[in-house]
There are 2 protein chains.
Amino acid sequence: MQHEIIIVDDHLLFARSLAGLIDSYEEYTVKHTFTNGSELVDKFSSGMKLPAIILLDINMPIMDGIATMKWLKKYQPKAKVLALSMEDNEQTVLAMLRNGAKGYLLKDIQPVLLKKALDTVIEQGFFHTQEVTKALMKSLNSENEEIVELKDVELQFMRLACEEKTYKEIADIMCKSHKTIDGYRQHLFEILEVKNRIGLVMYAIKNGIVEI
Amino acid sequence: MQHEIIIVDDHLLFARSLAGLIDSYEEYTVKHTFTNGSELVDKFSSGMKLPAIILLDINMPIMDGIATMKWLKKYQPKAKVLALSMEDNEQTVLAMLRNGAKGYLLKDIQPVLLKKALDTVIEQGFFHTQEVTKALMKSLNSENEEIVELKDVELQFMRLACEEKTYKEIADIMCKSHKTIDGYRQHLFEILEVKNRIGLVMYAIKNGIVEI
DNA sequence: AAACAAAAAGGGGTTTTTCCCCTTTTTTGT
DNA sequence: ACAAAAAAGGGGAAAAACCCCTTTTTGTTT
């Protein structure tokens, strides 16, 4: 009996060739390929049964990997998801794992490693490469702070605060009053437990809010 | 005929086992193991001839990898050095390569990769893993700025400026007048071409002056 | 739909820090 | 002994940080 796989990836070419590869394995068969998270959610909502493994791309339009993971965590907590990604962003890895992904694969992996990942998830329920373990250890050691979810405006403000701009310039860019920006600043100082803008910048860097 | 290798590493246990491994290869023999850069320099100064490859640890007391590379670049420019390191710090990699290292290996590599690295250096004169190539490409794309060498006091100031401290507090810590600190600040603004303390912090992070 | 609470946006004003221009004194290297 | 660099300092403008307060928006309950 074959294990059913679902692929969710907006790069159709990649999704199809991945499907071809997986279908070539005796033990696996690809049942569906979707191009974004909400297609997957729709199918589950209309009664689709859980496959053995979901291969979930992270960078997608409409409903991205993390949003999809959050939905799955809530409504399909038994889903076994392997996250797929082009780049190796530590914060994204952690976000996916926090929301219940069973493993994390870079898209340029060797086919043999994909096969091994699938087998390992079926047998042991998870698959973690050395890189992920490293990221996990790092987060265990350094981050005892609880994770604060920031809103979009706050993220935008944080990114601008990391540039050599005055708050007045930031206010103009964000089309808000100088005083509103001051409110953002004060609020972020409190929830992130920092004392000044330097602390804000260091927080943004440590938590991958800004590109370095 | 065997190629002669010299190992420079302060972790004697590691250096010895590495030597054992290398001696087990037919084509290579370890001629010396030193525990810091100045031992190596001393031997060269007293007429030791150049080995085929020097395996040089980066994190050492007394005279570290980068200092040793600088000496070798000046007095033994034909030395073929493979840098060894525990961690994968992009800035350090680049500093080693800029000073003429032929390659960069993480200490946790597979023995077979070490063998390949040695062979490749002998045959082609260099050995670069994918990670190094990636770091190189990144530095090519982003860093057109020239490298500014900072003095010790300036580095200390930079590190403190990345913490949530006022300049007054920094002055106390560094036992300098508040105005002297202001002089450091202004001087660094000019040579690093930044406009404010945020720019200073971002520079420090991009150039590995502070740990993230 | 009305009422209520909570969060967001904005205003005014004070204190502190940051930043910049300048001069004087001290230290350092040759 | 001399020049150059580092350190210390003064004065002032701008920005950042901080505090208290009002209005508007948003979401939730009954």
Side-chain angles (χ1 to χ4, degrees), chain A residues 63 67 70-71 74-75 145-207 209-210, chain B residues 67 70-71 74 145-207 209-210:
Chain A
M63 189 173 176
K70 283 182 180 167
W71 188 91
K74 196 165 180 185
Y75 299 105
E145 317 110 37
E146 51 210 285
I147 292 91
V148 184
E149 293 252 348
L150 298 180
K151 310 200 190 80
D152 282 348
V153 277
E154 290 173 334
L155 290 173
Q156 190 192 0
F157 169 76
M158 288 282 273
R159 276 186 283 266
L160 292 167
C162 291
E163 296 175 29
E164 297 176 53
K165 290 177 165 46
T166 66
Y167 288 138
K168 200 191 295 255
E169 289 170 331
I170 294 175
D172 289 344
I173 292 171
M174 292 182 69
C175 299
K176 303 265 149 134
S177 137
H178 169 242
K179 280 296 172 177
T180 304
I181 293 299
D182 197 49
Y184 291 164
R185 179 195 57 73
Q186 186 136 357
H187 181 234
L188 285 169
F189 278 18
E190 281 157 21
I191 63 173
L192 304 181
E193 293 171 40
V194 300
K195 279 159 63 184
N196 52 36
R197 187 162 160 182
I198 304 300
L200 223 54
V201 170
M202 295 307 288
Y203 182 94
I205 288 160
K206 284 179 186 160
N207 292 277
I209 291 168
V210 286
Chain B
K70 284 182 180 167
W71 188 91
K74 196 166 179 184
E145 318 110 38
E146 50 210 286
I147 293 92
V148 184
E149 291 254 347
L150 298 180
K151 309 200 189 83
D152 281 348
V153 276
E154 290 173 334
L155 290 173
Q156 190 192 359
F157 169 74
M158 288 283 273
R159 277 187 282 268
L160 291 168
C162 290
E163 296 176 29
E164 296 176 54
K165 289 176 166 48
T166 66
Y167 289 138
K168 203 191 294 260
E169 290 170 331
I170 294 175
D172 289 344
I173 293 171
M174 292 181 68
C175 299
K176 304 266 152 148
S177 136
H178 169 243
K179 282 296 172 178
T180 302
I181 294 298
D182 200 45
Y184 291 163
R185 181 196 55 72
Q186 185 130 355
H187 180 235
L188 286 168
F189 277 18
E190 281 158 23
I191 63 173
L192 304 181
E193 294 171 39
V194 300
K195 279 158 64 185
N196 52 37
R197 186 163 160 182
I198 304 301
L200 223 55
V201 170
M202 294 308 286
Y203 182 94
I205 287 157
K206 284 180 186 162
N207 293 276
I209 291 168
V210 284

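Sequence lines set the chain letters: A, B, ... in the order given, protein chains first and strands last, and positions in each chain run from 1.
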Query - Under 3.5 Å donor-acceptor, D152(B) side chain and L155(B) backbone - result: no
Report summary line: Rounded to whole Å, CE of M174(B) lies from P of dA8(D) at a distance of 11 Å
**Report entry** Side chains of L192(B) and M158(B) in contact at under 4.5 Å (non-hydrogen atoms)
**Finding:** yes
Requested in this report: Ignoring backbone atoms, establish whether K168(B) has a side-chain N or O less than 4.0 Å from OP1 or OP2 of dT18(C).
Outcome: no
Protein-nucleic acid N or O pairs under 3.5 Å, nucleotides 19-22 of chain C:
{"from": "dC19(C)", "atom 1": "OP1", "to": "R197(B)", "atom 2": "N", "distance (Å)": "2.9"}
{"from": "dC19(C)", "atom 1": "OP2", "to": "Y167(B)", "atom 2": "OH", "distance (Å)": "2.7"}
{"from": "dC20(C)", "atom 1": "N4", "to": "D182(B)", "atom 2": "OD2", "distance (Å)": "3.2"}

Requested in this report: Determine yes or no for a side-chain-to-main-chain donor-acceptor pair under 3.5 angstrom, with E169(B) supplying the side chain and T166(B) the backbone.
Outcome: yes
Please list each protein N or O that sits under 3.5 Å from an N or O in nucleotides 25-30 of chain C, with the distance.
none

Query raised in the report: How would you list, by chain and number, every residue that makes a salt bridge (charged side-chain N to carboxylate O under 4.0 Å, His left out) with K165(B), sequence neighbours excluded?
Result: E163(B)
Query - Presence of S177(A) side-chain N/O under 4.0 Å of dA9(C) phosphate oxygens OP1/OP2 - result: no
Query raised in the report: Could you give the CD1-to-P distance, from I181(B) to dA7(D), as a whole number of Å?
Result: 9 Å
Requested in this report: Kindly calculate the angle separating the two end axes of the helix from dA1(C)-dT30(D) to dT30(C)-dA1(D), each obtained from five base pairs, and round it to 10 degrees.
Outcome: 50°
Report task. Please identify each residue that fulfils salt bridge (charged side-chain N to carboxylate O under 4.0 Å, His left out) with R185(A), with sequence neighbours left out. Result -> D182(A)
Query raised in the report: Taking only residues two or more places apart in sequence, or in another chain, which ones meet H178(A) in a side chain to side chain donor-acceptor pair (under 3.5 Å)?
Result: none
Requested in this report: Send over the distance from L160(A) CG to dA16(D) P, rounded to a whole Å.
Outcome: 13 Å
Requested in this report: Considering just the side-chain nitrogens and oxygens of K151(B), establish if one lies under 4.0 Å of OP1 or OP2 belonging to dA5(D).
Outcome: no
Query raised in the report: Would you say the side chain of Y167(B) lies within less than 4.5 Å of the side chain of I170(B), judging by non-hydrogen atoms?
Result: yes
Query raised in the report: For E154(A) and dA9(C), what is the distance between atoms CD and P respectively, to the nearest whole Å?
Result: 9 Å
